[in-house]
Every structure is written in structure tokens, then in C-alpha cells.
Protein chains: 2
Amino acid sequence: MSAKLTPPVPEEIQAQLETPCIVIDLTQTRRNIIRLQEAANRAGCAVRPHIKTHKMGRFALMQIQAGAQGITCAKISEAEVMASAGVDDIFIAYPLVGAFRLRRAAALAPKVRRLILGVDSIEGAHALNQTAEDLGQTFEVRLEIDTGAKRTGVDYNEALHTAQAIEACRGLRLTGVYTFKSLVYQGKPTTDGAAAGREEGELLAEIAMRLRQAGIPITDISAGSTPTGIHVAETGLVTEIRPGTYIFNDYMLYKEGAADLEDIAAFLYVTVVSTPRKDYAVIDGGTKTFPMDIFLNTPPYFYLSYAMIDGRDDLVLTRLNEEHGMLTSLTGVTGLRIGQILRLIPIHICTALNLQNQVYLFDQGDLQTARIDARGMLA
Amino acid sequence: MSAKLTPPVPEEIQAQLETPCIVIDLTQTRRNIIRLQEAANRAGCAVRPHIKTHKMGRFALMQIQAGAQGITCAKISEAEVMASAGVDDIFIAYPLVGAFRLRRAAALAPKVRRLILGVDSIEGAHALNQTAEDLGQTFEVRLEIDTGAKRTGVDYNEALHTAQAIEACRGLRLTGVYTFKSLVYQGKPTTDGAAAGREEGELLAEIAMRLRQAGIPITDISAGSTPTGIHVAETGLVTEIRPGTYIFNDYMLYKEGAADLEDIAAFLYVTVVSTPRKDYAVIDGGTKTFPMDIFLNTPPYFYLSYAMIDGRDDLVLTRLNEEHGMLTSLTGVTGLRIGQILRLIPIHICTALNLQNQVYLFDQGDLQTARIDARGMLA
């Protein structure tokens with residue numbers, strides 16, 4: 001397995017790492033950005049990457065330089081950070097609810113060339129419209145549709161009714177629809193990204209057509225995550241995809257069949273601090289370092305471990321305390337030494353980065369540290 | 001249930017909150033600090049609170065002012081932050097392994113009155129001793145014993161051998177033993193904190209006695225977490241306890257029978273952003289806001305939800321994405337409104353705080369924000 005992964009940083013550079021830490025391989029990161037962009041270009045589909053994965057201005061600018069038409073954020077705080085980093089086309093793909101969000105969105109809008117806000121309810125639209133009218137502003141909005149993920153988004157049958165209510169708001173300009181469906185195919189979790197992606201694109205395009213037939217000038221049809229993005233783009237039915245995790249990839253995407261091992265560009269380095277028994281060793285990262293946002297032993301993605309251990313398929317990480325990670329051997333003997341540095345691939349890199357203030361950037365022999373600009377923020 | 005909780009902040013102050021956010025009730029926090037300290041005083045046992053829960057200098061100083069003899073940290077970065085906040089007696093209850101940790105510990109030692117380092121292996125002791133001798137320093141150390149938690153700590157039968165090896169290090173001064181056992185009783189998880197605490201105290205005291213009989217002048221016997229701390233203190237067998245979570249308490253401690261609802265001093269406030277279906281509503285906090293470091297449906301602590309929803313026992317939080325929390329109704333109807341603010345109690349407040357950059361402090365009508373000084377740091 002390890003043979004197929006990007007090689008770890010050289011020994012002498014490993015010795016400089018203060019663990020537990022995330023090291024991002026910039027060479028592989030650039031490859032991931034370019035490959036996705038080129039595949040979308042071939043499909044004639046725009047890319048608006050979700051920056052929730054990296055939360056860093058430098059990576060958003062790399063994505064735009066590679067051809068992305070703008071970025072996607074989940075939080076107003078992320079959008080503010082990205083705008084101050086120089087990103088001027090931002091879609092907040094999240095229902096803008098709460099007076100503080102409306103106030104901050106109104107303050108951000110004049111600072112960027114294009115700000116698009118998410119709406120998924122008539123109540124939300126009316127509150128947003130009130131803010132717009134109070135300030136004499138107009139907000140560009142997109143209507144979120146639930147195509148099966150069962151989180152935010154209006155139901156298929158509510159879409160037209162809600163869209164018409166938004167159209168009636170003088171302070172809002174409805175230009176698009178968007179959805180997040182990802183690996184849900186015909187209502188069930190799947191690892192078949194192609195089938196799920198086709199369904200995602202077809203469902204959303206069908207709704208866009210109904211709105212257009214009702215006289216609502218929908219121009220932007222936005223769908224697609226990392227597992228489904230390219231498949232959605234290849235349907236030719238959408239105008240934009242919003243993948244996020246593809247920039248680094250992780251253990252989850254590998255288990256889902258959505259990334260190869262060699263595509264992984266971000267790693268967690270840890271130090272073995274204790275070897276009290278033959279069958280387990282303790283590393284200096286626990287639940288404050290490794291995300292747990294996956295259910296172990298859950299089909300269709302079967303996880304035996306909260307991380308993949310580079311070169312050690314015989315070790316699993318299932319028992320964690322806050323700063324202790326118990327690496328357990330499936331053979332009964334870890335063979336690990338105190339002070340040994342290990343490289344792990346966390347299940348979910350987006351939530352792993354959110355646990356750190358900074359990352360190491362490794363670029364062809366050069367190691368630097370960088371702050372994670374938008375991590376841990378409210379709103 | 002809600003009737004027994006500390007009242008939420010008043011409506012007009014709730015309107016100032018930017019959610020998702022943690023609000024700490026300082027009145028209840030002070031009560032928690034004082035109650036634990038007084039109980040330990042009655043038992044004639046010192047308190048060295050673990051600051052991993054709050055990671056804030058101001059709370060460490062409150063604990064010391066209430067009578068704590070010093071603090072406990074898990075990381076060198078936490079110790080550095082606490083020292084710069086004015087704390088001068090610090091125990092890093094974690095194996096100090098890795099050149100960067102030794103270097104930073106050596107730099108910190110001269111800045112505080114007392115720095116105690118954790119050791120749980122001969123290899124670790126030798127590396128620490130080498131650093132001490134290279135710098136002409138002496139480190140005060142404590143030997144960690146595994147009394148059943150199966151993480152760091154030497155085995156009962158290795159304790160004397162390892163202690164003698166530490167004694168032989170001219171750069172190290174072995175003054176104590178410590179353990180973390182918490183809710184493990186006779187090898188099994190339990191909710192009987194009293195039984196587990198007695199066992200924890202008895203096992204550690206027995207080892208301390210063996211070391212003393214071998215001529216090793218152990219003065220400090222340190223054990224006890226929030227669920228077991230007072231019970232350990234009441235054995236009269238230990239000199240110090242190290243509870244951490246007691247300062248705020250959480251859903252986990254309540255389910256474990258280690259805290260009452262009225263003892264909870266930290267809450268997560270969220271906003272309902274979407275009500276797409278009758279049976280669930282979406283709040284603005286997901287896996288980047290709510291810790292998941294508990295296994296759902298795991299005996300002996302049965303969790304139905306990643307958080308307790310104040311006043312709404314009919315709602316559970318089990319389905320989460322990064323910024324979406326799907327609050328699901330057990331009756332089929334949530335009755336929640338878009339824009340509604342809810343108060344939740346997360347399963348684990350230590351990891352919940354680690355997810356935020358700042359908290360709100362509520363003190364008898366006054367609301368302020370404060371940075372979480374040591375959150376998200378490496379090493």
C-alpha cells in the first residue's frame with residue numbers, strides 16, 4: 001500500500017516536525033487541482049471549489065489560477081477571510097439565516113465582484129430581502145434543492161413555489177439552483193459515484209427546467225462534490241460543480257473509491273510516545289487531532305480504523321482519548337519504538353484541518369508553516 | 001429536564017450571539033471550582049486541575065485562587081501558554097517524548113517555580129536525562145502507572161524496575177507517581193465512580209508504597225479525574241487529584257452519573273437554519289462544532305444523541321455533516337422555526353472547546369468574548 005502513496009518527507013525534514021501535525025504535499029496538491037480542473041474543462045463545466053477543506057486563502061487563489069470561476073464557502077466567516085485574501089467571486093452555499101449573518105453578508109457584498117447567497121426557504125428569503133431593501137442593496141441568490149441528502153434544501157415539489165416567492169422579492173435576484181447529494185443513489189448510500197453523479201445532475205437539471213418553463217431565468221445549475229463532481233459535469237446538464245476535498249483527498253474518499261492512494265496530498269505525522277504493551281503503542285494524537293466524523297463499520301464504506309497507517313496495514317486506530325491514540329496491532333505485536341515518527345491518513349481531511357491552527361507545507365524539499373486562515377470561526 | 005439546568009442567557013443577550021457558539025456561565029463555573037476544591041480540602045487532598053478542558057489562562061488562575069496547588073497539562077504548548085498567563089506550578093502529565101518536546105520543556109523550566117514532567121518508559125527517561133545533562137538542568141519527573149486504562153503508563157509489574165532506572169539518571173528527580181484510570185472498575189467500564197475511584201487510589205498507593213520500600217522517596221501520589229476525583233481523594237491514600245471537566249461538566253458526565261444537570265456551566269447555542277421536513281430541522285453546527293468522541297449506543301453509557309437539547313427531550317442529534325446538524329424528532333414533528341435559537345449540551349465539552357477559537361463568557365447579565373488561548377496547537 002505505502003508504495004503507492006506520495007513518499008513521506010525526508011528523514012532530516014521529519015526531524016523538524018513538531019507532532020502531531022498535518023503536512024501538505026504541494027506538488028500533489030497542484031496535481032489534484034489541475035487534474036480536476038482539466039476534466040471539468042473537457043466536460044465544458046465550470047468549477048467553483050468548496051474551500052471548507054483547506055480554509056486557506058493561498059489554496060483558493062491556486063484553484064482560481066488553475067481556472068476555477070470562483071469559490072464556494074459554507075460560512076460567512078470563511079467568505080470574509082477569502083475576500084480579504086483577494087478572492088472576488090464567492091458563493092455561500094448555506095442558508096443565510098440569523099441577523100448576524102445577514103448583516104455580515106451585506107457588509108461583504110460591496111467588497112467583492114460577485115457574492116451569491118444560499119436560500120432554501122420562503123422565511124429565509126423574506127428576511128434576506130428585508131435586509132436588502134433596508135440597505136438599498138440587491139443580493140444574488142441561489143435556491144438549494146434537496147435531491148436526496150436529506151439536510152438543507154427544499155423538497156422537489158416545493159421548488160417552484162419557493163422560487164416564485166423569491167422572484168417576488170425586489171431585493172433578491174434568483175440566478176441559480178444548487179444541490180448536494182454526493183454518494184446517495186436512489187435514496188441509498190453508495191460507492192458508485194458515477195451513478196449517483198448522473199442522478200444528481202439529472203434531478204437538478206429537471207428542476208431548473210421546470211423553473212425556466214415557469215419563466216424564472218435560471219442560468220446557474222450547481223451540483224457535485226468530490227465523489228460525484230466529474231460524473232455530474234459529464235452529464236452536460238449542469239453549469240458548475242463544487243468539489244472540495246479533491247484538493248487533498250483522504251482515507252474516506254479512498255474507501256469510497258473516489259480517490260487513489262497516490263492522490264492523497266495531506267498527511268498527519270505523529271510520534272510514538274509509549275509502547276506499554278506488545279499489542280498496542282500510544283501516539284501523540286487523539287480525539288483533538290483525529291476526526292471521528294464517520295461511523296466505524298458502517299456500510300457501504302467499511303472502516304476498521306480512524307486513520308490509515310502508512311505502510312502498516314497491520315495497525316488500526318480505533319481507541320482514542322483526547323491526546324492519546326492507541327495504535328493496535330492486528331497480529332498482536334506492533335513492533336513500534338518510542339520516538340518513532342509515523343505518517344497517517346485521517347478518515348476526513350476537512351475536519352482534521354479544522355482541528356489545527358497551522359499546517360506544514362512541503363514543496364520539493366522545502367518545509368514551511370502556514371496558518372489555517374478560517375479555522376474554528378463562528379458564524 | 002430543562003428546569004434543572006442553569007437558565008439560558010436572556011433573550012436580548014441571545015440576540016447578540018453569533019452562532020454556533022459556546023457560552024460559559026461564570027457563576028456556575030465558580031460554583032463548580034469551589035465545590036470541588038472544598039470537597040478535596042475536607043479530604044485533605046491537593047487539587048491540580050487539568051486545564052485541557054478550558055485551555056484558558058483566566059480559568060487556571062481562578063482554580064489556583066480557589067486553592068489549587070498548581071495545574072496539569074497534556075501538552076507542552078498548553079504549559080507554555082499557562083506559564084505566560086502567570087501559572088508557576090505545572091505538571092505535564094504526558095510522556096515527554098520527541099526532541100522538540102524536550103527542547104521546549106527545557107526552555108520552559110527556568111520560567112516557572114515548578115515544572116513536573118511525565119515519564120513512562122526507560123527510553124523516555126534516558127532521552128529526558130540526556131537533555132537535562134546537556135543543559136546542566138535537573139527535571140522533576142513523575143512516573144506514570146497504568147492502573148487499568150490501557151493507554152500510557154508502565155505496567156504494575158514494571159513500575160519498580162522503571163523507577164529504579166529513573167533514579168539512576170542524574171538529571172532527573174523522581175518525586176511522584178501518577179495514573180489515569182477514571183471509569184474503569186476491575187477492568188470493565190462502569191458508572192460507579194466511587195468503586196472505580198477507590199480502586200484507582202488503592203492501586204496507585206500500593207505501587208507508591210513498593211517504591212518507597214525500595215528506597216525511592218516518592219512524595220506525590222496523583223490520581224483522579226472528574227468522575228473519580230473526589231472518591232480517590234476520600235480514600236486518603238493519594239496526595240493529589242487532577243480533575244479537568246468538572247469546571248464546566250457535560251452530557252457525558254451527566255450520563256455517567258458524575259454530574260447533575262445544574263452543574264453544567266458551558267452550552268452550545270445554535271440557530272435553526274432550515275426546516276425542510278416535519279420530522280427534522282437543520283441547525284448551523286455539524287461535525288466542525290459538535291464533538292463525536294463517544295460511541296453512540298455504547299454501554300454502560302447509552303447515548304442516543306451527540307448532544308442534549310435543552311427542554312427538548314423529544315429531539316436527538318445523530319446525523320451530522322460538517323456545518324449541518326440534523327435535529328430529528330422522536331415524535332415525528334420538531335415544531336422548530338427557522339431562526340430559532342436553541343441551547344445544546346455537547347457530549348464532551350473538552351473537545352467542543354477545542355473546535356472553537358473563542359467563547360462567550362456570561363456573568364450575571366454581562367456578555368463578553370474571550371479567546372481560547374491554547375486551542376489547536378501542535379506538540
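Order of the sequence lines fixes the chain letters, A, B, ..., with proteins taken first and strands second; residue numbering starts at 1 for each chain. Every heavy atom of this structure was used, including side-chain atoms; hydrogens, water molecules and symmetry mates were not. Just so we're clear, the structure is a prediction, and the values are computed from it rather than from any experiment.
Contact of B:Thr318 with chain A is made through the backbone alone, with heavy-atom distances under 4.5 Å. Residue contact with chain B, scored on non-hydrogen atoms closer than 4.5 Å, involves the side chain of A:Tyr94 exclusively. Only the side chain of B:Tyr280 comes within less than 4.5 Å of a heavy atom in chain A; its backbone stays farther off. Heavy atoms of A:Ala281 lying under 4.5 Å from chain B are absent altogether. At a 4.5 Å heavy-atom cutoff, B:Tyr269 makes no contact with chain A through either its backbone or its side chain. Neither the backbone nor the side chain of B:Ala99 comes within less than 4.5 Å of any heavy atom of chain A. Neither the backbone nor the side chain of A:Leu353 comes within contact range of chain B; no heavy atoms are under 4.5 Å apart. With a 4.5 Å cut-off on non-hydrogen atoms, A:Glu322 touches chain B through its side chain but not through its backbone. A:Gln340 does not touch chain B: none of its heavy atoms, backbone or side chain, sits under 4.5 Å away. For A:Thr328, no part sits under 4.5 Å from any heavy atom of chain B, backbone or side chain. Proximity to chain B involves both the backbone and the side chain of A:Leu378, based on heavy atoms less than 4.5 angstrom apart. Within the 4.5 angstrom heavy-atom criterion, only backbone atoms of A:Leu17 (N, CA, C, O) approach chain B. Neither the backbone nor the side chain of B:Arg337 comes within contact range of chain A; no heavy atom of the residue lies under 4.5 Å from a heavy atom of that chain.
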Contacts table for residues 118-128 of chain B: side-chain donor-acceptor under 3.5 angstrom, sequence neighbours left out:
residue: B:Asp120; atom: OD2; partner: A:Ser274; partner atom: OG; Å: 2.5
residue: B:Asp120; atom: OD2; partner: B:Gly153; partner atom: N; Å: 2.9
residue: B:Ser121; atom: OG; partner: B:Gly124; partner atom: N; Å: 2.9

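Highest contact tally toward chain B, considering only A:Met326, A:Met292, A:Arg151, is held by A:Arg151 [criterion: heavy-atom pairs under 4.5 Å]. When each of A:Cys350, A:Gly98, A:Gly339 is scored by its heavy-atom pairs under 4.5 Å with chain B, the top score falls to A:Cys350. Counting heavy-atom pairs closer than 4.5 Å to chain B, the top residue among A:Val154, A:Thr271, A:Thr152 is A:Thr152.
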Next on the checklist: Does B:Lys150 form a side chain to side chain contact (heavy atoms under 4.5 Å, CB included) with A:Arg319? I'd like the steps, not just the answer.
Outcome noted: CA-CA 10 Å; B:Lys150 291 196 160 51; A:Arg319 200 157 58 85; 3.8 Å; yes
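Taking 4.0 Å as the cut-off between side-chain N and carboxylate O, B:Glu18 and A:Arg101 do not count as a salt-bridged pair. By the 4.0 Å N-to-carboxylate-O rule, A:Lys52 lies too far from B:Glu323 to be salt-bridged with it. Ion pairing of B:Asp293 with A:Lys288 is absent here, as no side-chain N (NZ or NE/NH1/NH2) approaches a carboxylate O to less than 4.0 Å. A salt bridge is defined here as a Lys NZ or Arg NE, NH1 or NH2 lying under 4.0 Å from an Asp or Glu carboxylate O, and B:Asp284 with A:Lys75 fails to meet this definition.
When the side-chain hydrogen bond (donor to acceptor under 3.5 Å, both in side chains) test is applied to A:His50, no partner is found at least two apart in sequence or on another chain.
Here CG of A:Asn354 is found 9.5 Å from CG of B:Asn354. Values are rounded to the nearest 0.5 Å. For the atom pair CE of A:Met377 and CG of B:Asn357, the computed distance is 6.5 Å after rounding to the nearest 0.5 Å. Distance check: B:Ile294 CD1 to A:Thr287 OG1 gives 10.0 Å after rounding to the nearest 0.5 Å.
Looking at B:Val273, B:Val282, B:Thr19 one by one, the single match for side chain to side chain contact (heavy atoms under 4.5 Å, CB included) with A:Val97 turns out to be B:Val273.
The heavy-atom pair separating A:Pro20 from B:Ala379 by the smallest distance is CD-N, 3.9 Å.
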